[in-house]
Amino acid sequence: MSGSLQAADLRISGASTIYPILEQLAGDFQQQSSHNLLLSAGGSGRGISDVRSGASDMGMVSRSLRDEEKADLLYTTIGLDTLVFIVNQANPQQTINKAQLISLYMETTSWQQLNGYAWPVRLVSKEVGRSTLDLFEEFSGLKSPDRSGASGTLISRRATVIGSNLEALSLVGGQHGGVGYVSLGTAASVRDQGMPIRILQLDGITPSAQTIQSGQYPIRRELNLVYREITPSIEALLSVLNTSRGQAVISQAGFIAAGGR
């Protein structure tokens with residue numbers, strides 16, 4: 001993970017959603033290739049731009065690639081994930097629908113208006129360049145006010161804008177009125193470790209491997225690794241991801257392993 005850079009060390013940057021998977025497999029990669037994984041986060045947008053500029057060998061991108069990205073980048077889908085909505089465990093809210101989410105992120109200031117819970121709404125949103133923001137905007141129809149030339153229905157300026165999933169989980173877990181949106185895999189893992197958050201049903205559908213694969217749950221995204229060309233180091237990492245251990249690490253993180261498709 002650290003130390004002096006060697007020629008075949010693999011520099012990877014991008015989505016914080018994928019980072020923990022590769023971090024767990026860094027030792028396996030080192031055993032197979034005799035080189036290190038040099039990991040940094042920063043969001044899917046950074047992963048794309050770093051590969052294009054040559055700052056990274058691979059980028060972590062937690063969404064489907066756009067047509068213009070497919071035109072100049074190679075990619076491997078390593079898993080499927082979804083966007084989920086979280087509240088503090090003390091909040092009685094169990095399920096939510098699209099209209100309620102739009103209201104929360106635009107104008108609702110107290111949970112009492114929604115479910116009688118006497119706490120102010122504390123919005124947590126994501127910064128531009130994060131694929132979770134892209135997914136939220138696509139689903140809700142709202143736009144970040146921080147986007148250049150943003151107009152129409154915008155996310156409230158009351159929202160605390162953060163970067164990583166862990167920041168969002170910490171804020172919602174630490175505020176009784178908190179609400180945010182994060183990766184299912186990260187949310188489930190941190191909740192199971194004791195973070196006081198609840199993952200909400202969406203339109204009465206519980207997010208799970210089964211409901212994501214079947215399309216019942218209305219939001220789904222790919223987890224991709226992007227690169228300019230296949231090098232021996234990249235080939236070694238993709239091989240590690242396709243081992244039984246690699247697939248298990250993806251699944252244990254709460255994602256649906258895609259078998260390197």
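Here the structure is a predicted model, which means the values were calculated and not measured.
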query = Will you find, in the side chains of T160 and R122, an N or O donor that is under 3.5 Å from an N or O acceptor?
reply = no
message = Donor-acceptor pair, distance only, cut-off 3.5 Å: does the side chain of Q93 make one with the backbone of T95?
response = yes
Short side-chain donor-acceptor distance under 3.5 Å, S16 and S164 = no
ask   = Under 3.5 Å, is there a donor-acceptor pair linking the side chains of S103 and T108?
value = yes
request  = Give a yes or no on whether a salt bridge exists between K126 and D146, defined as a side-chain N under 4.0 angstrom from a carboxylate O.
outcome  = no
task = Scan side-chain atoms only and decide if S13 and S40 contain a donor-acceptor pair under the 3.5 Å cut-off.
result = no
ask   = T231: what forms a side-chain hydrogen bond (donor to acceptor under 3.5 Å, both in side chains) with it, not counting sequence neighbours?
value = none
message = Can you tell me how far apart CZ (R130) and CG (N165) are? Round to the nearest 0.5 Å.
response = 8.0 Å
ask   = Is it true that F136 and Y105 have ring centroids separated by less than 6.0 Å?
value = yes
Side-chain donor or acceptor of T186 paired with backbone N/O of T17 under 3.5 Å = no
message = I need the minimum non-hydrogen distance between R220 and T82, along with the two atoms involved.
response = N-OG1, 4.0 Å
query = Below 4.5 Å, heavy atoms only, C-beta onward: do L202 and V84 meet side chain to side chain?
reply = no
request  = Check the side chains of E235 and S239 for a donor-acceptor pair under 3.5 angstrom, ignoring hydrogens and angles.
outcome  = no
ask   = What is the distance from atom CD1 of I12 to atom CD of E23, rounded to the nearest 0.5 Å?
value = 12.0 Å
inquiry  = Distance check, rounded to the nearest 0.5 Å: R11 atom CZ versus M58 atom CE?
reply    = 12.5 Å
key: Test item: L241 and V249 side chains (from C-beta on) under 4.5 Å apart, heavy atoms   = no
key: Straight-line distance of R191 CZ to L169 CG, nearest 0.5 Å   = 10.5 Å
inquiry  = Under a 3.5 Å distance rule, please check whether R52 uses its side chain to pair with a backbone N or O of L73 as donor and acceptor.
reply    = no
inquiry  = Tell me whether R63 is salt-bridged to E69, with the criterion being a basic N under 4.0 Å from an acidic carboxylate O.
reply    = yes
query = Looking at side-chain heavy atoms only, is the closest gap between N115 and N91 below 4.5 Å?
reply = yes
